> 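Okay, here's the structure, questions in a sec.
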Amino acid sequence: MKRTKVKVLLNSGQPGSEVLVKGWVRSKRDSKGVAFIALNDGSVIHNIQIVVDVANFDENALKSISTGACIAVKGLLVQSLGKGQSVEIQAREMELYGAADPETFPLQKKGHTLEFLREIAHLRPRTNTFGAVLRMRHAMSYAIHKFFNDKGFVYVHTPIITGSDAEGAGAMFRVTTLDDQKPPLNELGHVDYREDFFGKETNLTVSGQLEGELVATALTEIYTFGPTFRAENSNTTRHLAEFWMIEPEVAFNELDDNMNLAEEFLKYLISYALEHCKDDLEFLNNMYDKELIQKLHFVLEHPFQRLSYTEGVEILRNSGQKFEFKVEWGTDLQSEHERYLVEKHFQRPVILTDYPKEIKAFYMKQSADGKTVRAMDVLFPGIGEIIGGSQREENYDKLLNRVNELGIKNEDLWWYLDTRRFGTCPHAGFGLGFERLMLFVTGMNNIRDVIPFPRTPKNAEF
RNA sequence: UCCUUCUUAGCUCAGUUGGUUAGAGCACAUGACUGUUAAUCAUGGGGUCCCUGGUUCGAGUCCAGGCUGGGGAGCCA
C-alpha cells in the first residue's frame with residue numbers, strides 16, 4: 001500500500017478510504033479505552049490525529065509509541081468525532097520503525113527556547129518552528145530560481161575555492177592540503193604555497209561577483225546562488241561564517257535599473273511567501289511576531305524610498321535625534337543611523353545610493369563628481385542592509401587607477417581587468433543575503449535560526 | 001574583537017542577610033479515567049547549583065579569572 005502524506009490527507013483525503021501514513025509522534029494522549037496520537041511527517045505544519053482503540057493493540061507495543069517515535073499507521077480515514085480537526089485515522093495496524101526513549105529524548109510536547117534548540121540542532125527540524133522555517137527556506141530558494149528563470153537569466157555556478165584575495169569583502173578561510181605540522185618553506189622561511197594543491201594560496205569565496213561579471217559580459221543576464229564564507233569574528237544575530245548569497249549581474253544595466261531589479265525581486269519573493277506559505281506564516285505570526293503577515297503586506301504595497309547617501313546624511317543631521325555616533329559626510333552610516341531612516345523617518349524599506357568612494361569597494365562606478373560611486377544599499381526594518389550592490393566601473397583606466405590607489409595587487413585581477421579591455425560595457429548587480437531575507441519573511445530574530453546548521457565563530461557542530 | 005548580562009533537575013525558572021536535608025511548574029514513571037486537543041487527577045523518582053581558584057567556622061549565595069549562552073556595537077550580506 002502506498003504511503004500518503006499528511007498534507008494530502010488533511011487537504012483532500014476521502015473519508016471512508018483505507019490509508020497508510022508514516023511519520024514522527026508529536027504527542028500521545030491516553031485514556032483507558034482510547035489513545036490519540038498526533039503524527040507529523042513534515043509535509044505540512046499540522047499533525048494528523050491517529051485514534052487507537054486500545055483493546056486492539058498490544059499494551060507494550062502501545063507504550064513504546066511515545067513522543068519522538070517513528071511509526072507507520074494503516075487505517076481508515078474518517079470524519080473526526082472530536083473537535084479540532086476535520087479528519088482522523090482509525091488505526092488498524094501500526095508498525096514501530098524507531099522508538100524514542102522518553103527518559104532521554106530531548107524534545108517535549110511543550111515549547112522549547114530557541115537557545116536550547118540550537119544546542120540540539122540535529123533534532124530541531126522535528127519541531128513546528130523549524131519545520132515551518134525549513135519549508136519556507138525551500139519555498140524562497142525555489143522562488144529565487146523561478147523569478148530569474150522567468151526573466152531569462154542564466155544561473156551561473158561560480159567557484160567556491162578562489163585564488164584571489166582581492167574580492168575585498170572581508171577575511172577569508174584558507175584552503176590547503178599542506179602538512180599543518182611542517183609545511184614546506186620558501187627562501188624567506190614563509191610557507192611555500194607553490195607546493196600547495198593549487199600551486200598558490202587559495203581561500204573559500206567571499207563573493208561570486210567578480211566571476212559573475214565575467215559571465216554577464218557574455219550572456220547579459222546572470223545570477224549566482226551559492227554558499228559564501230567570511231572568516232570575520234562577527235558575533236551578532238545577523239552574521240554567519242557560512243551563508244548563502246544571491247548575486248544577479250546584468251550587462252547594460254545602470255544604477256536605476258539595478259534598483260528596479262532589486263525592488264521587484266524582493267517584492268516577488270515576499271508575495272510568493274504570502275501565496276505559498278500560508279500555514280507556516282500563520283504559525284510564525286502567532287508564535288513569534290504578531291505583525292509578521294501585516295509587515296509583509298506593507299512592504300509589498302509601498303514603494304521603497306530612494307535617496308542618496310548625501311540626502312540621508314542631511315536628514316540625519318537635521319533630525320534633532322541624539323545619536324551615539326556623529327553623522328558626518330564621508331563616514332559610513334552606523335546601525336543606529338540606518339535604523340532611524342528606515343524605522344522612524346520613512347517607516348519603509350530604503351535604498352541609499354551614491355556613497356563616498358572611500359567607504360566602498362574598488363569596482364564601483366565612479367561618478368563625475370569625483371567623490372562618490374554608484375553604490376546602493378537596500379535597508380530593511382529590523383535587519384539593516386539586506387542588499388548591497390552597485391553599477392560597476394567599466395572604464396579600464398579608471399578601474400586600474402582605483403585598484404592601484406588602493407594597493408590591490410593587480411596581477412591577481414588580470415582576468416577581471418581584461419573584461420574592461422575587450423568589449424567592455426556598462427553593467428550592474430547586487431548581492432542579497434539569503435538568510436537575511438529569511439529573517440524578514442519568517443519574523444525570526446536570530447540568523448542562526450533560519451539556516452539548518454549554522455556556522456559561527458567557535459561553533460561548527462553538527 | 002569590544003561592552004553588557006546570564007548559567008541551579010531532562011526543559012523553564014524560584015532560591016531571603018552567607019547557615020541544617022536546594023524548591024516549583026512542566027516533562028518522565030506508576031495508577032485512575034470511553035473522544036483527548038500542550039487532556040485531566042493522584043502518587044513517585046530525579047541535582048557535578050557551568051569550571052578553576054580565593055574569602056569564610058560555613059559558599060548555590062561574596063570576590064577574581066575562565067568557558068558556553070543571550071542582548072548590543074564593529075565588520076558586512
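Given the structure is predicted, the values throughout are model-derived calculations rather than measurements. The sequence lines fix the lettering, A, B, ..., with proteins before strands; numbering per chain opens at 1.
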> Whether the side chain of His239(A) and the base of C76(B) hold a donor-acceptor pair under 3.5 Å is what I'd like checked.
yes
> Measure the distance between the ring centre of Phe434(A) and the centre of the six-membered base ring of A77(B), then answer whether it is under 5.5 Å with planes under 30°.
no
> Using modelled atom types and a 3.5 Å cut-off, is there a donor and acceptor pairing between side-chain atoms of Arg436(A) and backbone atoms of Glu385(A)?
yes
> Would you say G35(B) has OP1 or OP2 under 4.0 Å from some side-chain N or O of Ser31(A)?
yes
> Would you say the base of G35(B) and the side-chain of Gln85(A) have a donor-acceptor pair closer than 3.5 Å?
no
> What nucleotide, of G35(B), A77(B), G69(B), holds the atom closest to the side chain of Glu115(A)?
G69(B)
> Could you tell me whether Ile246(A) contacts a base, only the sugar-phosphate backbone, or nothing, with contacts defined as non-hydrogen atoms closer than 4.0 Å?
nothing
> Counting any heavy atom closer than 4.0 Å, what does Ser66(A) reach on the DNA or RNA strands: base, sugar-phosphate only, or nothing?
nothing
> Would you classify Gly111(A) as touching base, sugar-phosphate or nothing, given that sugar-phosphate means primed atoms plus P, OP1 and OP2, and contacts are heavy atoms under 4.0 Å?
base
> Answer yes or no: is there a donor N or O on one side and an acceptor on the other, between the side chain of His337(A) and the main chain of Phe325(A), under 3.5 Å?
yes
> Is any N or O donor-acceptor pair between the side chain of Asn235(A) and the base of U1(B) shorter than 3.5 Å?
yes
> Output yes when a side-chain donor or acceptor of Arg26(A) lies under 3.5 Å from a complementary backbone atom of Arg126(A), and no otherwise.
yes
> Check every strand shown and say whether Pro106(A) touches a base, only sugar-phosphate, or nothing at a heavy-atom separation below 4.0 Å.
nothing
> Closer to the 5' end of RNA chain B via nearest nucleotide, is it Phe325(A) or Gly84(A)?
Gly84(A)
> Is the distance between the ring centroids of Phe147(A) and Tyr272(A) under 6.0 Å?
no
> Are Asn446(A) and G71(B) close enough that a side-chain N or O sits under 4.0 Å from OP1 or OP2?
yes
> Picking from G35(B), A39(B), C76(B), which would you name as closest to the side chain of Leu81(A)?
G35(B)
> With the side chain of Phe36(A) defined as its heavy atoms from C-beta on, choose the nearest nucleotide among U12(B), U36(B), A77(B).
U36(B)
> Start with the C-alpha gap between Phe380(A) and Phe304(A), add the side-chain angles, then the distance that decides, and say whether ring-ring contact (aromatic ring centres under 6.0 Å, His included) holds.
CA-CA 10 Å; Phe380(A) 258 41; Phe304(A) 295 3; 5.8 Å; yes
> Could you tell me whether the side chain of Asp280(A) and the main chain of Met136(A) form a donor-acceptor pair under 3.5 Å?
no
> Base, sugar-phosphate, or nothing: which does Gly82(A) touch, judged by heavy atoms less than 4.0 Å apart?
base
> Taking donor-acceptor contacts at under 3.5 Å, does the side chain of Glu232(A) reach the base of U1(B)?
no
> Measure the distance from CZ on Phe116(A) to C1' on A9(B) and round it to the nearest whole Å.
13 Å
> Counting only Watson-Crick or G-U wobble pairs whose two distances fall under 3.5 Å, which nucleotide matches A59(B)?
none
> Do Ser31(A) and Arg29(A) have side-chain N/O donor and acceptor atoms under 3.5 Å apart?
no
> What is the distance, rounded to the nearest whole Å, between atom CD1 of Ile50(A) and atom P of G35(B)?
19 Å
> Please state the C1' separation for the pair A9(B) and C75(B) - nearest whole angstrom.
41 Å
> Rounding to an integer number of angstrom, what distance separates G45(B) and A59(B) when you compare their C1' atoms?
28 Å
> Taking the nucleotide of RNA chain B with the closest heavy atom to each, which residue, Glu338(A) or Asn445(A), is nearer the 5' end?
Asn445(A)
> With P as the reference atom in both, quote the distance from C41(B) to G35(B) in angstrom, rounded to an integer.
15 Å
> Tell me which nucleotide among C28(B), A77(B), A73(B) gets nearest to the side chain of Gln334(A).
A73(B)
> Scan Ile387(A) against the nucleic acid and name what it touches under 4.0 Å (heavy atoms): base, sugar-phosphate only, or nothing.
sugar-phosphate
> Is a donor-acceptor pair below 3.5 Å formed from side chain Ser234(A) to base C76(B), judging by atom type as modelled?
no
> Can you identify which nucleotide, out of C76(B), C28(B), U36(B), has its nearest atom closest to the Arg238(A) side chain?
C76(B)
> What is the base-pairing partner of A24(B), counting Watson-Crick and G-U wobble geometry with both distances under 3.5 Å?
U12(B)
> Just how far, in rounded Å, is P of A73(B) from NE2 of His337(A)?
12 Å
> For the pair Thr4(A) (side chain) and Leu9(A) (backbone), establish whether a donor and an acceptor sit closer than 3.5 Å, ignoring hydrogens and angles.
no
> Regarding Tyr97(A) and Lys22(A), do their side chains bring together a donor and an acceptor under 3.5 Å, going by distance alone?
yes
> Between Gln209(A) and Tyr363(A), is any side-chain donor less than 3.5 angstrom from a side-chain acceptor?
yes
> Starting at CD of Glu324(A) and ending at P of C3(B), how long is that distance when rounded to a whole Å?
14 Å
> Does Arg29(A) have a side-chain nitrogen or oxygen under 4.0 Å from the phosphate oxygens OP1 or OP2 of A39(B)?
yes
> Which whole-number value in Å describes the distance from Phe229(A) CZ to C75(B) C1'?
19 Å
> So, does the side chain of Arg436(A) form a donor-acceptor pair with the base of C76(B) at under 3.5 Å?
yes
> Record whether the side chain of Arg230(A) comes under 3.5 Å of the base of A77(B) through a donor-acceptor pair of N or O atoms.
yes
> Given U30(B), G35(B), A73(B), identify the nucleotide with an atom nearest to the side chain of Lys63(A).
U30(B)
> Scan every strand shown for a Watson-Crick or G-U wobble partner of G31(B), both distances under 3.5 Å, and answer none if you come up empty.
C41(B)
> Any N or O donor-acceptor pair linking the side chain of Gln108(A) to the base of G10(B) at under 3.5 Å?
yes
> I'd like the P distance from C11(B) over to U48(B), given in whole Å.
11 Å
> With P as the reference atom in both, quote the distance from C50(B) to G10(B) in angstrom, rounded to an integer.
13 Å
> Rounded off to whole Å, could you give me the CZ-to-P distance for the Arg118(A) and C11(B) pair?
16 Å
> Rounding to the closest angstrom, what is the interatomic distance between U55(B) and U20(B) at atom C1'?
23 Å
> Provide the distance between the two C1' atoms, one in G69(B) and one in U7(B), to the nearest whole Å.
8 Å
> When both hydrogen-bonding distances must be under 3.5 Å and the geometry is Watson-Crick or G-U wobble, what is C2(B) paired with, if anything?
G72(B)
> Counting only Watson-Crick pairs (N1-N3 plus N6-O4 or O6-N4) and G-U wobbles (N1-O2, O6-N3), all under 3.5 Å, who is the partner of G65(B)?
C51(B)
> Roughly how far apart, to the nearest Å, are A42(B) and C33(B) at atom C1'?
12 Å
> Looking at the side chain of Lys109(A), which of C76(B), A38(B), G74(B) is the nearest nucleotide?
A38(B)
> In whole Å, I'd like the distance from the CZ atom of Phe323(A) to the P atom of G74(B).
13 Å
> In whole angstrom, what separates Asp30(A)'s CG from U37(B)'s C1'?
14 Å
> Answer with base, sugar-phosphate or nothing: what part of the nucleic acid does Thr236(A) contact at a heavy-atom distance below 4.0 Å?
base
> Can you identify which nucleotide, out of A77(B), G72(B), U34(B), has its nearest atom closest to the Lys32(A) side chain?
U34(B)
> Kindly point out which of C28(B), G35(B), C76(B) is positioned nearest to the side chain of Glu103(A)?
C28(B)
